[in-house]
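This report concerns only the one structure given below.
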Amino acid sequence: MQQASEATAQQLRENWSRAVDDVAQACAAAGREPSEVSIVGVSKYVGAELAWQLAAAGCCILAENRPQSLWDKANYFGQHDSVSAQWHLIGHLQRNKLKRTLPLISLLHSLDSFRLADAINTEQLAAGAGPLSVLLEVNVTHDAAKTGMALNEVHKLLQQAPHWPGIAICGLMAMSSLDADAPRAQREFEQVRLLRDDLQREYGQQFQFSELSMGMSGDFKEAIAAGSTLVRIGSNLWRGII
Ligand SMILES: *Cc1c(COP(=O)(O)O)cnc(C)c1O
């Protein structure tokens, strides 16, 4: 393996521990316990070796937004098995990439259509695998520039979901609008939490919507204030490195 320089590894350890501190502070400000929020380290900006260094620094959940990059990195990790990390996919999953992707991930944040859910269910059953944990990616602001499902699609999917043993719905994922300032981002995240609470009331017999994947480097504080349980941090972790 090509070794990252010791200076890089050191910078990465510092960035990781700062991210952990920042999240703990945001939790304290929101009256929450740090244990309620997990940091998902987004490695899409770097190659497999640096992603591996991040895991070695203590980040045990890594995420990619493109299936192909996730395959490459998971493969690299498989050959360097002295760190343990799990992989999450946070970007769009094309149906022709299901077969290779699903066995590698412990959580799909970005379930964004009824058709994809149906295809995942079929694939998990065909593979003899247990249910895949997924989050429904929602677009509560009806922002055309944003990815994620509108409410009617979410309901349609949840009505069908009891017939999909290959899928375990665990919560929601959302992004704030691109141009949102901090107060607006917080309002948008709160809308997502309220939607979660509504869905919990309506479908709570079948599903536990316990996870809320909200917040990135620029808005994780607002997301934590609004109830996020998974913050997807990229840029902040790679400062001074890329
Ligand atoms: C890139 C990405 C992130 C991380 O964003 P940063 O601003 O770099 O922290 C989070 N979520 C998704 C879906 C992404 O694509």
Side-chain angles (χ1 to χ4, degrees), residues 11-12 14-26 37-48 50-51 53-55 57-74 85-94 97 101 104-113 116 133-141 143-149 170-182 184-186 188-189 192 211-242:
Q11 176 77 57
L12 207 36
E14 282 173 31
N15 289 359
W16 172 247
S17 89
R18 187 167 317 117
V20 170
D21 289 349
D22 287 348
V23 165
Q25 273 186 28
V37 182
S38 301
I39 301 176
V40 178
V42 179
S43 53
K44 68 184 180 192
Y45 304 112
V46 301
L50 280 173
Q53 292 285 344
L54 177 63
C59 178
C60 58
I61 309 174
L62 293 165
E64 286 288 319
N65 65 335
R66 292 179 49 242
Q68 173 82 54
S69 316
L70 193 147
W71 304 343
D72 296 346
K73 288 186 175 108
Q86 36 172 318
W87 287 98
H88 290 180
L89 186 71
I90 57 175
H92 180 63
L93 177 57
Q94 297 85 351
K97 296 187 174 149
T101 308
L104 302 175
I105 60 176
S106 61
L107 180 66
L108 174 68
H109 291 230
S110 42
L111 184 66
D112 56 6
S113 74
L116 178 61
S133 295
V134 302
L135 307 178
L136 309 184
E137 184 177 353
V138 295
N139 177 352
V140 294
T141 54
D143 183 340
K146 255 191 339 193
T147 52
M149 290 181 278
C170 306
L172 305 180
M173 184 270 230
M175 284 183 258
S176 62
S177 304
L178 274 181
D179 54 352
D181 58 8
R184 175 158 162 218
Q186 186 160 337
E188 292 179 355
F189 291 139
V192 177
E211 304 294 338
L212 283 175
S213 169
M214 310 190 295
M216 322 202 301
S217 292
D219 57 14
F220 67 91
K221 293 187 187 114
E222 290 75 22
I224 288 172
S228 175
T229 63
L230 292 160
V231 289
R232 308 178 309 272
I233 306 292
S235 325
N236 284 357
L237 294 172
W238 307 111
R239 269 200 208 138
I241 294 170
I242 55 165

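We use all heavy atoms of the structure for the numbers below, so side chains are in, but hydrogens, waters and symmetry mates are not. Remember, it's 1-based here, ligands and their atoms both numbered in the order they're listed.
- Atoms of ligand 1 lying under 4.0 Å from any heavy atom of I233, numbered from 1 in the order shown and given with element: 9 (O).
- Residue contacts with ligand 1: Y45 is included, with a non-hydrogen atom under 4.0 Å away.
- Of the protein's heavy atoms, S217 OG, 2.6 Å lies nearest to atom 9 (O) of ligand 1.
- Comparing M216, K44, H88 by heavy-atom distance to atom 2 (C) of ligand 1, the nearest is K44.
- Side chain to side chain, S176 and E222 fail the donor-acceptor criterion of an N or O pair below 3.5 Å.
- Side-chain atoms of W71 and T101 form a donor-acceptor pair, as typed in the model, at a separation below 3.5 Å.
- If you check the side chains of R232 and S213, you find a donor sitting under 3.5 Å from an acceptor.
- Of the candidates S110, G91, S235, it is S235 that places a heavy atom closest to atom 6 (P) of ligand 1.
- Among the atoms of M175, none of the N or O lies under 3.5 angstrom from an N or O of ligand 1.
- Residues M149 and L136 meet the side-chain proximity criterion, which asks for heavy atoms closer than 4.5 Å.
- Counting protein heavy atoms only, atom 11 (N) of ligand 1 is closest to R232 NE, 2.8 Å.
- Taking every heavy atom of I90 and a limit of under 4.0 angstrom, the matching atoms of ligand 1 come to 11 (N), 12 (C), 13 (C), 14 (C).
- Using a 4.5 Å heavy-atom threshold, the side chains of F189 and D219 count as touching.
- A donor-acceptor pair shorter than 3.5 Å can be found between the side chains of T229 and E211.
- Contacts between H109 and ligand 1, counted as non-hydrogen atom pairs separated by less than 4.0 Å, are absent for every part of the residue.
- W238 is not listed as a side-chain neighbour of N15, based on a closest heavy-atom distance of 4.5 Å or more.
- Residue contacts with ligand 1: N236 is placed with no nitrogen or oxygen under 3.5 Å of a nitrogen or oxygen of the ligand (distance criterion only).
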